[in-house]
Q: 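Here it is: the structure, laid out below.
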Amino acid sequence: MAGGAAPVVLSSVTVYSLAACAAQLAVGYVLAQRLGRRSSTLDRWVLVWLFYDAIVHFTLEGPFVYMSLVGTVATSEGALATLWKEYGKADERWLHSDPTIVSLEILTVVVDGLLALALIYAIVKDKYYRHFLQITLCVCELYGGWMTFCPEWLTGSPGLNTSNWLYLWVYLVFFNGLWVLIPGLLLWQSWLELKKLHSGKRNPGKKSR
């Protein structure tokens, strides 16, 4: 849903919602520094993201799934319902238990959340299967993002509100874009690590492809 530029009022709910996201990131940072002391600097930043990712899946998206299965976000009460109602101003599908969104979120909470925790363990303990988990998680995150928005785009985006910068650039582009950009970068990291592993085992003088 697009229209002329509308004034944006940063309400207390908006500030609370953005502060909650910042607090989750801060918790992820603290956990990464404590548990990733033996990891490289790069991997500690990867852990920051993974802790944040898991926290979002379990503490935000998990309650969303529950609210959507027993009712709707629009009819729910409480702090988390208020946060989701704020996001629903940009994408109203999240307010009314859209079956595609709820189906994806069930997988996101259960599969992606558990994969994030398993990957954290693999990085902290330097396990051989780290990049298998990392590639799997990133592909799941990217697929989830595609299936969240592609059906909406194909039908003319009736549920999206792009009438002002806050809804478009912060709620829709920035917050969803994080789950495109960072999984993409982690896939590239895994590609380079697998290439390095292959190069170390190949015959002398043979070029890797």
Side-chain angles (χ1 to χ4, degrees), residues 1-34 45 47-110 112-113 116-117 141 144-145 147-149 151-153 156-183:
M1 179 170 60
V8 177
V9 177
L10 295 177
S11 67
S12 59
V13 175
T14 304
V15 174
Y16 153 74
S17 301
L18 296 176
C21 294
Q24 290 175 320
L25 180 60
V27 171
Y29 179 84
V30 171
L31 290 173
Q33 299 311 307
R34 287 180 62 87
W45 282 110
L47 287 171
V48 171
W49 166 253
L50 292 173
F51 275 116
Y52 175 66
D53 188 38
I55 290 168
V56 168
H57 290 332
F58 291 127
T59 69
L60 285 184
E61 292 171 305
F64 165 79
V65 169
Y66 174 78
M67 287 184 281
S68 298
L69 292 177
V70 301
T72 67
V73 167
T75 59
S76 298
E77 301 294 336
L80 289 174
T82 299
L83 189 151
W84 279 113
K85 288 175 184 178
E86 178 66 19
Y87 181 76
K89 294 176 181 179
D91 189 344
E92 65 180 21
R93 294 174 298 164
W94 296 77
L95 298 175
H96 306 295
S97 300
D98 178 89
T100 299
I101 295 296
V102 176
S103 298
L104 285 169
E105 285 302 301
I106 291 172
L107 285 176
T108 298
V109 172
V110 177
D112 293 3
L117 293 180
E141 300 275 24
M147 289 306 298
T148 295
F149 286 101
E152 186 71 4
W153 295 332
S157 304
L160 302 183
N161 181 357
T162 59
S163 63
N164 61 60
W165 67 267
L166 178 67
Y167 300 159
L168 174 60
W169 295 108
V170 180
Y171 291 175
L172 293 175
V173 174
F174 176 73
F175 281 113
N176 289 287
L178 286 177
W179 271 268
V180 175
L181 175 62
I182 297 180

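Numbers here simply count residues along the sequence, with the first being 1.
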Q: Determine the minimum heavy-atom distance between F58 and P63, stating which atoms define it.
A: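 Shortest heavy-atom contact: O-CD, 3.4 Å.
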Q: Going by side chain to side chain contact (heavy atoms under 4.5 Å, CB included), L160 matches just one of P158, S163, S157. Which one?
A: S157
Q: Measure the CG-CZ distance between L31 and F51 for me, rounded to the nearest 0.5 Å.
A: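 CZ of F51 is found 5.0 Å from CG of L31.
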Q: What do you reckon, is OH of Y29 surrounded by more than 12 foreign heavy atoms closer than 6.0 Å?
A: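 Not buried by this count: 12 neighbours or fewer within 6.0 Å.
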Q: Check ring-ring contact (aromatic ring centres under 6.0 Å, His included) between F149 and all other residues, then give those that pass, not counting sequence neighbours.
A: W153
Q: Side-chain contact test, heavy atoms from C-beta onward, threshold under 4.5 Å: evaluate it for L181 versus F174 and give yes or no.
A: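 The answer is no; the side chains never approach within 4.5 Å.
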Q: Checking T100 against S103 for the side chain to side chain donor-acceptor pair (under 3.5 Å) test, could you report, in this order, the C-alpha distance in whole Å, the side-chain angles of both residues, the deciding distance, and whether it holds?
A: CA-CA 5 Å; T100 299; S103 298; over 6 Å; no
Q: What's the verdict on side chain to side chain donor-acceptor pair (under 3.5 Å) for T72 and T75, showing C-alpha distance, side-chain angles and the deciding distance?
A: CA-CA 5 Å; T72 67; T75 59; 3.0 Å; yes
Q: Using every non-hydrogen atom in the two residues, find where L83 and A20 come nearest and quote the distance to one decimal.
A: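 L83 and A20 have their closest heavy atoms at CD1-CB, 4.0 Å.
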Q: Looking at N176, L166, T162, D91, which one forms a side chain to side chain contact (heavy atoms under 4.5 Å, CB included) with Y171?
A: L166
Q: Looking at CG of L104 and CD of E61, how far apart are the two atoms once the value is rounded to the nearest 0.5 Å?
A: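 Here the rounded value is 10.5 Å.
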Q: Where do L18 and F175 land on the side chain to side chain contact (heavy atoms under 4.5 Å, CB included) test, with the steps shown first?
A: CA-CA 10 Å; L18 296 176; F175 281 113; 3.8 Å; yes
Q: With a 4.5 Å limit on heavy-atom distance, are the side chains of L95 and Y87 in contact?
A: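 They are not in side-chain contact.
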Q: After noting the C-alpha distance and the side-chain angles of L107 and D112, does the key distance pass the side chain to side chain contact (heavy atoms under 4.5 Å, CB included) rule?
A: CA-CA 7 Å; L107 285 176; D112 293 3; over 6 Å; no
Q: Can you confirm whether more than 12 heavy atoms, excluding those of Y16, are under 6.0 Å from its OH atom?
A: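 Yes, OH of Y16 has more than 12 neighbouring heavy atoms, counting only those of other groups under 6.0 Å.
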Q: Quick one, V173 with W165, criterion side chain to side chain contact (heavy atoms under 4.5 Å, CB included). Give me CA distance, side-chain angles, the key distance, then yes/no.
A: CA-CA 10 Å; V173 174; W165 67 267; over 6 Å; no
Q: Carefully, step by step, assess N161 and L168 under the rule side chain to side chain contact (heavy atoms under 4.5 Å, CB included).
A: CA-CA 7 Å; N161 181 357; L168 174 60; over 6 Å; no
Q: Can you give me the closest heavy-atom contact between P183 and E141, atom names plus distance?
A: CG-CB, 3.9 Å
Q: For F64, enumerate each residue passing the ring-ring contact (aromatic ring centres under 6.0 Å, His included) test, keeping only those at least two apart in sequence or located in another chain.
A: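 F64 satisfies ring-ring contact (aromatic ring centres under 6.0 Å, His included) with W84, W94 only.
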Q: What's the shortest heavy-atom distance between E152 and T148, and which atoms?
A: CB-O, 4.4 Å
Q: Which pair of heavy atoms, one from E92 and one from H96, lies closest together, and at what distance?
A: O-CD2, 3.4 Å
Q: About how many Å separate OG1 of T108 and CG of L60, when rounded to the nearest 0.5 Å?
A: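 Here the interatomic distance stands at 12.5 Å.
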Q: Nearest 0.5 Å please: distance from the CD atom of E105 over to the CG atom of D98.
A: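 Going from the CD atom of E105 to the CG atom of D98 covers 11.0 Å.
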Q: Please answer whether the main-chain N or O of S97 pairs with a side-chain N or O of S68 as donor and acceptor at a distance below 3.5 Å.
A: no
Q: Just how far is it from atom CG of L69 to atom CD1 of I106, taken to the nearest 0.5 Å?
A: 5.0 Å
Q: Identify the heavy atoms of M67 and A81 that sit nearest to each other, and give their distance.
A: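 Of all heavy-atom pairs spanning M67 and A81, the closest is SD-CB, 3.7 Å.
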Q: Using only atom types and a distance under 3.5 Å, with no angle test, would you say the side chain of K85 pairs donor to acceptor with the backbone of L80?
A: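 No: the side chain of K85 does not pair with the backbone of L80.
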Q: I want to check something: taking the side chain as every heavy atom from C-beta on, are T59 and Q24 in contact at a cut-off of under 4.5 Å?
A: yes
Q: When rounded to the nearest 0.5 angstrom, what is the spacing between CD in Q33 and CG in L47?
A: 9.0 Å
Q: Quick one: does any side-chain atom of N164 pair with a main-chain N or O of Y167 as donor and acceptor, under 3.5 Å?
A: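 It does hold such a pair.
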